[in-house]
Amino acid sequence: MENGGPAPEGITDKIYENTKTITEYFIAEDLPDVDISSIGVTSFGGPEGQFDVDVFDSASDYVKLMKSIFDFQSIQKLVTSPKFTLCYDALHGVGGAYANRIFVEELGAQESSLINCTPKEDFGGGHPDPNLTYAKELVARMGLDKSKPQSDPPEFGAAADGDADRNMILGKRFFVTPSDSVAIIAANAVEAIPYFSSGLKGVARSMPTSAALDVVAKHLNLKFFEVPTGWKFFGNLMDAGMCSVCGEESFGTGSDHIREKDGIWAVLAWLSILAFKNKDNLDGKDLVTVEDIVRQHWATFGRHYYTRYDYENVDAGAAKELMANLVKLQSSLPDVNKIIEGIRSDVSEVVQADEFEYKDPVDGSISKHQGIRYLFKDGSRLVFRLSGTGSEGATIRLYIEQYEKDSSKIGRESSEALAPLVEVALKLSKMQEFTGRSAPTVIT
Ligand SMILES: O=P(O)(O)OC[C@H]1O[C@H](O)[C@H](O)[C@@H](O)[C@@H]1O
């Protein structure tokens, strides 16, 4: 794609059509090896003429780009302060190579701040998914694994996935939800990140991502877009100059510096915010921590309690039936509310129930069936989607969200605050009846 972003459906459909007409292909078995450890151009002659293989250092290009976006000097002051500690876990993905260049060589972090930063073909036997389930070592180091108490976890932690386009942000004994992360980046971008100093063109999130970003957009009077899951929708907005910062609940965060999510960019964005908030604190005073920043954000904008339940490798037919039943229920809101009242009388009333549909404001294309939504009067939401990336059977994703504006109620445990809605979601969807599962595979 010209813009470097993911291919839209129109293109992938055409590619697929072309694959159906391929009748033969050739393999260049005697292609000479290229030494990819040294930079330079090697020319080869072939039956179709000469061709060049150009080995270049993508990390240098990337560092240059990041330096044009962030204030490396102020981040360096934070990172090298004896009061600040960090831990970056590349989960043996490609982010490791960039992490060493950026965090250690450029920003002066200790080498011991990096874990699992040697890229490995098998990701060291682990699953390179930056979440609380799979980034085990980081989660333990940050003091979030109750079975492995830590006396003094680092101030800041982050993990990346295999290709480092996604990220997880942690504070000392504290998890930042991806939905909060993009909202907090957007709220602080103009002050803390030079690239955005003249303002944000707009912000966007995927539909199942919590509405934390919506509240920031409203507060700052920013253009706001809710798009279906999939990065290509952000790319269109960015190409049209309508969006600067975007994010998804699935741990993707990014900006219009490129047309994909960028895990290291997200880490630098958080370090920039921390550096900005602590610019006068590095000598004597206590640091403003990740947790302080998030709690302050909740106090200003309200908190979106949020959780996602994944049911992986469910029988595809059963998943379809579950979804069809949820759509059928949507035809009568009074009936839905009667069922909900019978499950829990302490949850609010459903005021809108539909399947999310998106009309792209740039090219006018319409994307239908992008997730089943139940929207409640108090701003809570239940969303059901079938994953587009699951590899076996079907993966049902259930997203549960509740908005709390009352500052005396924003400090609850998320699982406790969401328990009534979880019960409603599971019973309303007849999750166990349809799938045979009494518990999700992963809870985020
Ligand atoms: O929820 P899923 O359909 O599995 O998609 C999860 C994620 O997959 C890819 O990484 C896409 O680029 C993301 O935009 C999407 O959020």
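Every number for a ligand or one of its atoms is a count from 1 in the order of the listing.
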Note to self: Let's go through F233 and Y358 carefully: what are the C-alpha distance in whole Å and the side-chain angles of both, what is the deciding distance for ring pair (Phe, Tyr, Trp, His ring centres under 6.0 Å) to 0.1 Å, and is it a yes or a no?
What the structure shows: CA-CA 10 Å; F233 299 99; Y358 178 67; 5.6 Å; yes
Is there any protein N/O under 3.5 Å from an N/O of ligand 1, and what does the full list of such pairs look like?
residue  : atom   : partner : partner atom : Å
ligand 1 : 1 (O)  : R385    : NH1          : 2.8
ligand 1 : 1 (O)  : R397    : NE           : 2.8
ligand 1 : 3 (O)  : R385    : NH2          : 2.8
ligand 1 : 3 (O)  : G388    : N            : 2.6
ligand 1 : 4 (O)  : S387    : OG           : 2.6
ligand 1 : 4 (O)  : T389    : OG1          : 2.4
ligand 1 : 4 (O)  : R397    : NH2          : 2.6
ligand 1 : 12 (O) : K261    : NZ           : 2.7
ligand 1 : 14 (O) : G230    : N            : 3.3
ligand 1 : 14 (O) : W231    : N            : 3.3
ligand 1 : 14 (O) : E248    : OE1          : 2.7
ligand 1 : 14 (O) : E248    : OE2          : 3.1
ligand 1 : 16 (O) : E248    : OE1          : 2.9
ligand 1 : 16 (O) : E248    : OE2          : 3.3
ligand 1 : 16 (O) : S250    : OG           : 2.7

Check: With the threshold set at 4.0 Å, does a side-chain nitrogen-carboxylate oxygen contact exist between K368 and E355?
Finding: no
Checklist line | Residue pairs fulfilling side-chain hydrogen bond (donor to acceptor under 3.5 Å, both in side chains) with at least one residue in residues 410-419, sequence neighbours excluded | finding: R412-E416
Checklist line | Basic-acidic side-chain contact under 4.0 Å: R101, D57 | finding: yes
Margin query: Please enumerate all residues that pass salt bridge (charged side-chain N to carboxylate O under 4.0 Å, His left out) together with D71, with sequence neighbours excluded.
Written below: none
Notebook entry, point to check: Which residue pairs pass the side-chain hydrogen bond (donor to acceptor under 3.5 Å, both in side chains) test when at least one of the two sits in residues 427-444, sequence neighbours left out?
Noted result: E423-K427
